[in-house]
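Lettering of chains follows the sequences in order, A, B, ..., and the numbering in each one begins at 1.
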Protein chains: 2
Amino acid sequence: MNRKPNLKDVAQLAGVSAITVSRVLTNPEKVSDKLRHQVETAIEELGYIRNHAASALASNRSGVLAVIIPSLSNIVFNEVLQGVYSAVKQHQLQVILGDCHYSPLEEEKLITTLLSQSPEGMILTGTDQTDYAKRLLKNAGIPVVQLMELTEQPIDLNIGFSHLAAGLDMTTHLLQQGYRKLGFIGARMDPRTQQRLIGFKQAIAAWPDACQSYVMTTPQSSSIKLGGQLLQAVLAESAGQCDAVFCCNDDLALGALFESKRMNLRVPQDLAICGFNDLEASALVEPGISSVASPRFEMGKQAVELLVARSKGEAVPTAPIDVGYQIIRRAST
Amino acid sequence: MNRKPNLKDVAQLAGVSAITVSRVLTNPEKVSDKLRHQVETAIEELGYIRNHAASALASNRSGVLAVIIPSLSNIVFNEVLQGVYSAVKQHQLQVILGDCHYSPLEEEKLITTLLSQSPEGMILTGTDQTDYAKRLLKNAGIPVVQLMELTEQPIDLNIGFSHLAAGLDMTTHLLQQGYRKLGFIGARMDPRTQQRLIGFKQAIAAWPDACQSYVMTTPQSSSIKLGGQLLQAVLAESAGQCDAVFCCNDDLALGALFESKRMNLRVPQDLAICGFNDLEASALVEPGISSVASPRFEMGKQAVELLVARSKGEAVPTAPIDVGYQIIRRAST
DNA sequence: ATGAAAGCGCTAACAC
DNA sequence: GTGTTAGCGCTTTCAT
């Protein structure tokens with residue numbers, strides 16, 4: 001016999017019926033000590049591993065959690081993922097991960113693919129799914145979490161924070177520090193980055209004194225190097241007048257900082273720099289870069305907990321959950 | 001009717017048999033244009049999504065690829081993952097990912113879990129699986145790739161490079177630059193890091209002139225901050241004599257560089273610093289940090305291609321594939 | 001506490 | 001090119 005052993009093989013060897021073996025696997029406490037031991041021995045001897053597809057089909061429970069992030073290379077989503085993985089362990093769930101490359105259309109396609117695995121829940125990043133995707137998800141009858149940002153009309157559950165408010169607060173901080181010629185550099189410009197830019201503009205509009213703003217964005221994906229290039233662009237655009245730059249993330253901010261040093265600009269005297277996401281490096285470079293911190297790991301974890309609770313039919317908050325953010329002030333501003 | 005539509009529902013609506021619908025889904029070219037169109041319309045109308053568990057059970061093909069990495073938070077494995085994901089797309093495979101936290105025992109447990117999904121292949125990081133895990137994998141009868149480092153006795157397929165040789169080359173580079181009091185700082189100390197350390201020691205042993213070495217390692221996980229702390233430790237141990245540090249990765253190297261600046265040590269005059277992995281930041285800090293580059297994305301990609309080829313029964317190289325590495329010399333050394 | 005029978009939704013193998 | 005039949009390996013339901 002060379003094929004993989006199945007339940008029947010184990011049952012036969014243990015001298016019990018298939019269903020008893022199944023019980024040992026899922027509800028060991030429902031089987032007598034004696035039989036359980038016989039079965040466990042047989043399983044070990046045969047090296048039996050339960051066939052997940054058959055199990056899922058018969059029980060109508062896949063044990064799968066679908067997760068879609070916009071980018072595998074952005075460390076920010078990686079941290080969310082870590083939270084997700086830390087939480088699924090306790091719940092015997094397998095994660096199926098998709099990377100939609102910031103594209104709602106690709107996300108829609110991924111959703112159909114992932115739905116075919118009959119996931120018991122789905123975690124999405126952001127709130128800009130296509131209408132068709134939203135319909136699919138509502139029809140799927142599984143709990144869905146939209147993560148990272150807030151929306152008035154969630155598909156189902158929603159956990160995040162306001163990127164607009166964070167952008168506004170950080171910009172206000174720059175203004176309070178006395179800077180009046182503010183640059184904004186942004187890459188990729190996904191919905192959350194755009195919210196930050198809106199916050200930036202609102203803060204400037206709301207400020208009583210006169211101030212200048214110079215916005216420089218690119219659809220290119222973000223990198224440290226790009227931060228240096230965009231800083232140059234903003235300085236050129238402002239004819240060197242710009243005295244503070246709001247970088248839409250910490251990678252750009254690091255690049256801007258390194259570039260400033262190469263140009264012998266003093267930070268924060270000649271130029272203030274702030275970022276977003278509060279990566280480890282931002283705290284450790286000289287000067288430390290002011291940034292916006294948010295509980296990414298926790299968001300991922302909480303999304304899973306919420307999903308699981310909902311699956312069990314427990315009552316869960318259906319209103320968006322605002323996890324907040326924190327403006328971290330450092331020497332760069 | 002509120003339950004999810006199945007093949008039969010689609011077939012009935014389209015006025016065909018179930019198998020025809022199945023064919024439209026998997027081999028559209030085997031169905032006449034007319035019927036195919038009818039079926040596609042019915043699928044759309046019902047919002048039908050194929051049940052993966054049933055499909056996998058009946059066809060004995062799961063469409064799943066299992067991947068285990070030692071850490072989700074280490075960007076290095078992330079890049080490998082990106083390679084993996086970039087390749088699976090073309091092959092209609094879903095990735096199931098496990099994080100074994102650098103523990104062979106946890107890896108063993110993960111392997112059993114992941115095997116229950118009947119994956120069509122498995123990608124593992126490194127070569128230090130438990131004996132039981134190796135047996136399980138051999139019995140599973142699926143192609144397995146051990147990635148990142150090389151081994152004489154692979155479980156099945158093997159793609160990687162010699163971390164020992166890379167460590168040796170980089171250390172020799174330091175010696176060639178005239179440094180004679182070499183520090184080694186290492187965190188986590190997984191098998192690959194240990195190989196780098198062995199290379200470090202071999203290079204020193206092989207060098208004709210007298211030289212000193214100071215090795216400082218910790219089981220803690222690596223971070224930028226830790227790099228600064230370990231640098232302090234090495235300087236203390238060497239009574240300030242150490243004139244070059246080999247950092248087992250670029251995070252530590254960055255931390256060491258930032259710390260050197262705080263201590264007003266000139267790099268590379270007072271202290272040379274080199275890292276491993278060649279992260280983006282290493283090229284952009286001032287001075288740039290010398291490092292070891294390796295084709296991580298490509299390794300991930302190649303692993304998938306190899307696995308798929310093997311699954312199809314194509315001939316694939318069974319000998320380890322050495323993808324090599326590159327010593328990147330920058331101003332820090 | 002244990003088992004027998006039925007069936008989950010799909011596809012392989014074989015007809016036609 | 002299309003359909004029929006059988007069965008993948010497991011769990012549900014119901015009986016004992």
- Between P191(B) and E149(B), which heavy-atom pair has the shortest distance, and what is it? CB-OE2, 4.0 Å
- Work out which heavy atom in I321(B) is nearest to a heavy atom in L150(B); give both atom names and the distance. O-CD2, 3.5 Å
- Message: Mind checking if N6(A) touches a base, just sugar-phosphate, or nothing, with heavy atoms under 4.0 Å?
- Response: sugar-phosphate
- Item | Student check: side-chain heavy atoms of L124(A) and I111(A) closer than 4.5 Å | yes
- Item | Positions of residues 52-59 of chain A (non-hydrogen atom under 4.0 Å from DNA chain C), listed by number | L57(A), A58(A)
- Query: Between T130(A) and E108(A), does any side-chain donor sit less than 3.5 Å from a side-chain acceptor?
  - Reply: yes
- Query: Which residues, if any, of residues 17-29 of chain A bring a heavy atom under 4.0 Å of DNA chain C?
  - Reply: S17(A), I19(A), T20(A), R23(A)
- Query: Which part of the nucleic acid does N51(A) contact within heavy-atom distance under 4.0 Å: base, sugar-phosphate only, or nothing?
  - Reply: sugar-phosphate
- Task: Would you indicate, yes or no, if dG9(C) has its OP1 or OP2 atom less than 4.0 angstrom from a side-chain nitrogen or oxygen of Y48(B)?
- Result: no
- Query: First and last nucleotide of DNA chain D in contact with chain A, 5' to 3', at under 4.0 Å to a heavy atom: what are they?
  - Reply: dG9(D) to dT12(D)
- Does R310(A) come within less than 4.0 Å of D156(A), counting only side-chain N to carboxylate O? yes
- Task: Mark yes or no for whether E120(B), through its side chain, and S62(B), through its backbone, hold a donor-acceptor pair below 3.5 Å.
- Result: yes
- Test item: N74(A) side-chain N/O and S71(A) main-chain N/O as donor-acceptor pair under 3.5 Å: no
- Query: Between K30(B) (NZ) and dT11(C) (P), how many Å, whole number?
  - Reply: 13 Å
- Message: Rounded to whole Å, please give me the gap between NZ in K8(A) and P in dA6(C).
- Response: 14 Å
- Query: Shortest non-hydrogen contact from E107(B) to T125(B)?
  - Reply: OE2-O, 4.1 Å
- If you take all heavy atoms of L93(A) and L65(A), which pair is closest and at what distance? CD1-CB, 4.4 Å
- Distance-only polar pair, side chains of Q82(A) and N78(A), donor-acceptor under 3.5 Å: yes
- No-hydrogen, no-angle side-chain donor-acceptor test under 3.5 Å, Q117(A) and Q94(B): no
